[in-house]
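Just so we're on the same page: letters track the sequence lines, and every chain starts at 1.
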Protein chains: 2
Amino acid sequence: MVSIKDIAKRCGVSTATVSKALNGQPDIGEETRERILHLADELGYMANATARALKTNRSYNVGVLFVDPMHGGLAHEFFSTVLDGIRSEAEKHGYDITFINRNVGSRQTSYLQHCRYRGVDGVVIASADFNDPMVTELVQSDLPVVTIDHIFNNRISVMSDNMQGMEELVRYAASKGHRKIAIIHGELTGVTQNRLTGFHRACEEFGITVPEEWIREGVFHDPASCQRITKELLAMPERPTCIFFPDDYSWIGGYNAIRDAGLKVPQDISAVGYDGIPLSRIMSPVLTTWRQDTEKLGTIAADRLIEQIEHPRTVILDREIVTGSLQSGGTVGEIQTR
Amino acid sequence: MVSIKDIAKRCGVSTATVSKALNGQPDIGEETRERILHLADELGYMANATARALKTNRSYNVGVLFVDPMHGGLAHEFFSTVLDGIRSEAEKHGYDITFINRNVGSRQTSYLQHCRYRGVDGVVIASADFNDPMVTELVQSDLPVVTIDHIFNNRISVMSDNMQGMEELVRYAASKGHRKIAIIHGELTGVTQNRLTGFHRACEEFGITVPEEWIREGVFHDPASCQRITKELLAMPERPTCIFFPDDYSWIGGYNAIRDAGLKVPQDISAVGYDGIPLSRIMSPVLTTWRQDTEKLGTIAADRLIEQIEHPRTVILDREIVTGSLQSGGTVGEIQTR
DNA sequence: CTCCTCTGCGTAATCGTTTAAGTGATACAT
DNA sequence: ATGTATCACTTAAACGATTACGCAGAGGAG
């Protein structure tokens, strides 16, 4: 490959001059710079990121940590969308992305070690077990870090507004006359906590009391568990008129249970999802759900991280909240007074 | 960070000795090696990938090229699954992944330039416009390359067995008595060509003739276009008993059209998808489809690439074909003789 | 005793860049 | 004439590792 040396030789200048010309340093004559730039272009010169990184200690590489042993890697729509946001934003700023895992070469190490090994300039922690000591080690390191959907002290985080999302959904259901609402929520993570808080707050607002047996723990992204729980809910002597599901995808399981019970949506029972994945608009009836701006979660995270990398001073502790939008569909029907 | 120098100093040996000890070179005394390894461990030493790459010209990084302007990046389930396969296989071998795009720093370049800039050891080209001159430039470069679902001369490629998949699907439909089969296919890429070949071949096998107006070009992964075309097919005077869709996801559009026409699946009309995404099993009726082993596509591609990187000599031109499996569901019903 | 072969380690160059410090030339002010 | 500032470069070290080569000492063979 053509290096700075080749250009230097052919231009009759030193490598330092070439480097400076290429980097727009001021102490290079206009004519010399032109010559160098032209030749570089002609030879198809491309800087060597490796050498540059070694010298400057800046790799223009951001790590992305994502661990989701339960629901199978990148194929998880939530994460792949977030990742796409991170990726496109990083790309804009000239950064590349490296997935952080626990292997380097044939050895097992920690996430932090992997980051150091690759010399990433910062990390986005997108979905992980935030109690994992290896994750906290990373969070407490001196690397710039942005977390998504989880708050750490002294760390920037980008959150989806789960509380508001839930509140809006409850309000919508209430506006359609529903007072008997059940909820199947996901595993008890921070996200779930926020959603439940929003749920209860809005219920209170409308004077809705939710019996305990209508608050059920399911599994995110898992239609099977939702199908089972929905079936149980429908079998209760007192039946809810509206069921909230952990997310749009798991709703498919709920739908199956409802249909199997010989009931119709939304005539006999109403449904509410969460996420706003494309599927929810395509299926019919169109699902009422909260559309998280998942990609924006990624772009903002990347943007904040890069800002932190490039201007370590100016960053004040930042807690960006990404709001989504209500996407109302035919799954929540007007309650019939009979 | 602790470097090889620190270890050398504290062990009273040269950096060369440390390097050799760490890399398992034979010309180091057993006792010295022990001391070095211990200390390295104690100090939490981690090699610097950047420095190593600069010296050895091996980055242990593979590029992944994926361009899909139509259907929105990583969120495309097919690709995110392939990517996950690539990622996990690469990880096993101690490689990291870099997305190849056309930016380096603030400048626009070619894919090949980006690869050179990052010094990737090889590239997997997973989904791209294979006619794009920038893609062919990359394919014709001296970098190890593996392509997915597309064949280039002198390049290793990993293919999903689209022909066989289609044949099996037609056979299955035929076995259920269908003779009036329509097909909505995707854009005319190599993949589509193969599927159509398989389709026609199997039709011939069963003496099925397909009128031209039943062979329609739709768009992959696009329920809307399928909904439109399905509607048109249903409105024809002579109606097919079975419709093949470009993929499982677009089938949702087809389903909507069928339902809107007041027809039932599979009683009135049968449906066949392609891909075998989780959705197809969850929805009901369960969709008959060809389950591509998409993740395997990724793992094999990564495996072949790494083999090519590490043993340039031993690789003979390789054309791996990944076979999927028939996933038969209730969407293809027995034809009723009336 | 000499010669040779191993063994175990050190020396130093090198990968491609960046950058602090130095240098020589010219110009200008004093 | 002398000092000083500016400009446009060069020199050389450094980033952290790898590796060809050299070399001293031990041990064995002759």
Return no unless some side-chain N or O of [X] is found under 4.0 Å from OP1 or OP2 of [N].
X	N	answer
B:Asn48	D:dC15	no
B:Lys5	D:dC15	yes
B:Ser3	D:dA17	yes
A:Thr56	C:dT17	no
B:Tyr117	C:dG16	no
A:Lys55	D:dG16	no
A:Ser14	D:dC9	no
B:Thr17	C:dC9	no

For atom [atom1] of [X] and atom [atom2] of [N], their distance in whole Å:
X	N	atom1	atom2	value
A:Ile28	D:dC7	CD1	P	13 Å
A:Met1	C:dT17	CE	P	11 Å
B:Ile4	D:dA17	CD1	C1'	6 Å
A:Tyr60	C:dT17	OH	P	16 Å
B:Arg58	C:dC15	CZ	C1'	15 Å
A:Glu31	D:dC7	CD	C1'	14 Å
A:Lys9	D:dT10	NZ	C1'	16 Å
A:Asn57	C:dG16	CG	P	20 Å

Going by heavy atoms in the side chains, are A:Val64 and A:Ile100 under 4.5 Å from each other?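 No. Closest side-chain heavy atoms not under 4.5 Å.
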Do the non-hydrogen side-chain atoms of A:Met1 and A:Asn48 ever get within less than 4.5 Å of each other?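 No; the side chains remain at least 4.5 Å from each other.
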Could you tell me whether A:Arg116 and A:Asp142 make a salt bridge, using a distance below 4.0 angstrom between a side-chain N and a carboxylate O? yes
Without hydrogens or angle criteria, can the side chains of A:Thr147 and A:Arg155 be said to hold a donor-acceptor pair below 3.5 Å? no
Choose from C:dC9, D:dG16, D:dT18 the nucleotide whose nearest atom is closest to any side-chain atom of B:Ala51.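 Looking only at heavy atoms from C-beta outward on B:Ala51, the closest nucleotide is D:dG16.
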Judged by nearest nucleotide, the residue sitting upstream toward the 5' end of DNA chain D, B:Val18 or A:Gly12, is A:Gly12
Look at the aromatic rings of A:Phe79 and A:Phe66 and report parallel, tilted or perpendicular, splitting at 30° and 60°.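 The arrangement is parallel - the two ring planes meet at less than 30°.
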Parallel, tilted or perpendicular, as decided by the 30° and 60° cut-offs, for the rings of A:Phe99 and B:Phe99: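 Geometry flag for A:Phe99 against B:Phe99: perpendicular rings.
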Do any N or O atoms from the side chain of A:Glu89 and from the backbone of A:Ile300 form a donor-acceptor pair under 3.5 angstrom?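 Checked: no pair found.
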Applying side chain to side chain donor-acceptor pair (under 3.5 Å) between B:His114 and each of B:Asn101, B:Thr98, B:Thr109, report the one that passes.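 Passing option: B:Asn101.
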Base, sugar-phosphate, or nothing for [X], non-hydrogen atoms under 4.0 angstrom?
X	result
A:Leu54	base
B:Thr32	sugar-phosphate
B:Ala53	nothing

Quick one: the side chain of B:Asp27 and the base of C:dC9, do they pair up donor-acceptor inside 3.5 Å?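 It does, because a donor-acceptor pair links the side chain of B:Asp27 to the base of C:dC9 below 3.5 Å.
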Axial bend angle, the helix from C:dC1-D:dG30 to C:dT30-D:dA1: five-pair end segments, nearest 10°: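 For the helix from C:dC1-D:dG30 to C:dT30-D:dA1, the axes at opposite ends meet at about 60°.
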